[in-house]
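Letters A, B, ... are given to chains in the order of the sequence lines, protein chains preceding strands, and every chain is numbered from 1. Values below: all heavy atoms of this structure, side chains included; hydrogens, waters and symmetry mates excluded.
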Protein chains: 2
Amino acid sequence: MLKCEPPSERVLAQGAGQCPDCKRINEVLARVGDRWSVLVIISLAQYGTLRFNELKRNLGISQRMLSRTLQELARDGLVHRKQYPTIPPKVEYTLTNMGESFREPVNALGIWALENLTNIDEARASYDEVAD
Amino acid sequence: MLKCEPPSERVLAQGAGQCPDCKRINEVLARVGDRWSVLVIISLAQYGTLRFNELKRNLGISQRMLSRTLQELARDGLVHRKQYPTIPPKVEYTLTNMGESFREPVNALGIWALENLTNIDEARASYDEVAD
DNA sequence: CGGTATCCGAACCGATACTG
DNA sequence: CAGTATCGGTTCGGATACCG
């Protein structure tokens, strides 16, 4: 079970100012927690291998953001990039083992998201209605 | 299982430009997918009830961001806000039923994050080393 | 095809000061 | 105690143009 406890005196003295677990979770989410990363991983988890423009078409992401996202994911060891030195160039992306292991928690999150989108919309509508 | 498929001709014709599931997942992640929301939910899941400054201390979040995050979570129906009209004021936050249901996927994500932080750091170091 | 480079407005987010 | 208001630096992210 995750813990989210107040920082110890010692940690506070170092100026950290947050619970150790939260700090670490925060670090990881800062790396792989953004929306595009999650969607890229979902796509690769489903198809196994995809080329740059296939991902671009599927996700509706801009070229710049896809390029940046894939670079980050490759650097973090979640995605493998295979380049064929042909003309025109061909680059294939797949999940690494760590990327595969990320698939399950991400899938759980995605399924929850799909199941609760309408609930959230309803809660919003009701909240905003009261605010009138 | 989540699907991430190219948009249909019809969807493309409407200018959507991304797969329906991804679009919806994106919408939900835009609401509850940011780091502070996740950490607030982890905290409340552990403690049940927390006051504003308790959350602030635990998470190392700024006052402004905590205020905004809690407002959003309350509006989206994930967090319940109970205010006592005393002086000084006292406000308690708890998870709603939907917030509780979010706990499991979030917990899976948090555990993965803790387990893989060092892996990611190593992958980064090795990636950056090659780039020299 | 698979990028990179540049621009630019929008959003994020912490720091600080102030309020009931 | 539990916020709100304002400021300013950083990042996000699309649009466009160009390259090998």
Side-chain angles (χ1 to χ4, degrees), chain A residues 6-7 15-18 22-23 25-27 29-40 43-44 47 49-76 79-94 131, chain B residues 6 15-18 22-23 25-27 29-40 43-44 47 49-75 79-94 131:
Chain A
Q18 67 183 182
C22 285
K23 187 173 162 57
I25 292 170
N26 216 339
E27 286 176 35
L29 291 179
R31 287 167 165 82
V32 298
D34 69 288
R35 289 198 293 292
W36 291 130
S37 293
V38 170
L39 294 181
V40 165
S43 273
L44 291 179
Y47 288 101
T49 299
L50 285 173
R51 298 178 62 173
F52 187 88
N53 275 328
E54 289 174 334
L55 278 166
K56 186 169 177 301
R57 271 191 300 275
N58 285 9
L59 301 181
I61 185 177
S62 71
Q63 202 167 21
R64 194 180 90 104
M65 289 313 296
L66 180 57
S67 175
R68 288 170 55 109
T69 301
L70 286 171
Q71 271 181 28
E72 282 292 303
L73 289 175
R75 187 156 102 101
D76 292 344
V79 159
H80 178 70
R81 179 178 186 277
K82 175 153 194 182
Q83 181 173 4
Y84 298 88
T86 57
I87 295 178
K90 173 178 175 182
V91 181
E92 289 181 344
Y93 293 93
T94 53
Chain B
Q18 68 183 180
C22 284
K23 187 173 163 56
I25 292 170
N26 217 338
E27 286 176 33
L29 291 179
R31 288 169 164 80
V32 297
D34 68 289
R35 290 198 294 291
W36 291 131
S37 293
V38 170
L39 293 181
V40 165
S43 274
L44 290 179
Y47 289 101
T49 298
L50 284 173
R51 297 178 62 174
F52 187 87
N53 276 328
E54 289 174 333
L55 277 165
K56 186 168 178 301
R57 272 191 301 275
N58 286 10
L59 300 182
I61 185 178
S62 71
Q63 204 167 23
R64 194 180 89 103
M65 288 314 295
L66 180 56
S67 175
R68 286 171 54 109
T69 301
L70 286 171
Q71 271 181 29
E72 282 293 302
L73 289 175
R75 187 156 101 102
V79 159
H80 178 69
R81 179 178 185 276
K82 174 150 193 184
Q83 181 174 3
Y84 298 88
T86 57
I87 295 179
K90 174 178 174 181
V91 181
E92 288 180 344
Y93 293 92
T94 54

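With DNA chain D read from its 5' end, the first of the two nearest nucleotides for Arg51(B) and Met65(A) is the one closest to Arg51(B). Nearest-nucleotide assignment on DNA chain C puts the 5′-proximal partner with Pro88(A), out of Gln71(A) and Pro88(A).
Side-chain contact check for Ile61(B) versus Leu55(B): every heavy-atom pair is 4.5 Å or farther apart.
To the nearest 0.5 angstrom, Arg68(A) atom CZ is 7.5 Å from Glu72(A) atom CD. Atoms CG and CG, on Asn58(A) and Asn53(A) in that order, are 10.5 Å from each other to the nearest 0.5 Å.
Tyr93(A) comes within 4.0 angstrom of the backbone, heavy atoms only, and of no base. Nucleic acid contact for Gln63(A): base, since at least one base atom lies under 4.0 Å from a heavy atom of the residue. Note on Glu92(B): nothing from the nucleic acid sits closer than 4.0 angstrom, heavy atoms only.
Atom CD1 of Ile87(A) is separated from atom P of dG2(C) by 14 Å (rounded to the nearest Å). Straight-line distance from the CG atom of Leu50(B) to the P atom of dG3(D): 13 Å, rounded to whole Å. For the pair Arg35(B) CZ and dA11(C) P, the computed distance is 18 Å after rounding to whole Å. Between the CZ atom of Phe52(A) and the C1' atom of dG2(C) there is a distance of 6 Å, rounded to whole Å. Between the CG atom of Leu70(A) and the P atom of dC1(C) there is a distance of 16 Å, rounded to whole Å. Following rounding to the nearest Å, Ile61(B) (CD1) and dC12(C) (P) show an atom-to-atom distance of 13 Å. Residue Arg68(B) contributes atom CZ, which lies 7 Å from atom C1' of dC12(C) at whole-angstrom precision. Taking atom CG of residue Leu66(B) and atom C1' of nucleotide dG3(D), one finds them 10 Å apart after rounding to whole Å.
Comparing dG14(D), dG14(C), dC1(D) against the side chain of Trp36(B) picks out dG14(C) as the nearest. Comparing dT4(C), dC1(C), dA2(D) against the side chain of Ser67(A) picks out dT4(C) as the nearest.
Arg81(B) pairs by the side-chain hydrogen bond (donor to acceptor under 3.5 Å, both in side chains) definition with Gln83(B), Tyr93(B), not counting sequence neighbours. With sequence neighbours left out, Arg35(B) forms a side chain to side chain contact (heavy atoms under 4.5 Å, CB included) with Asn26(A), Leu29(A), Ala30(A).
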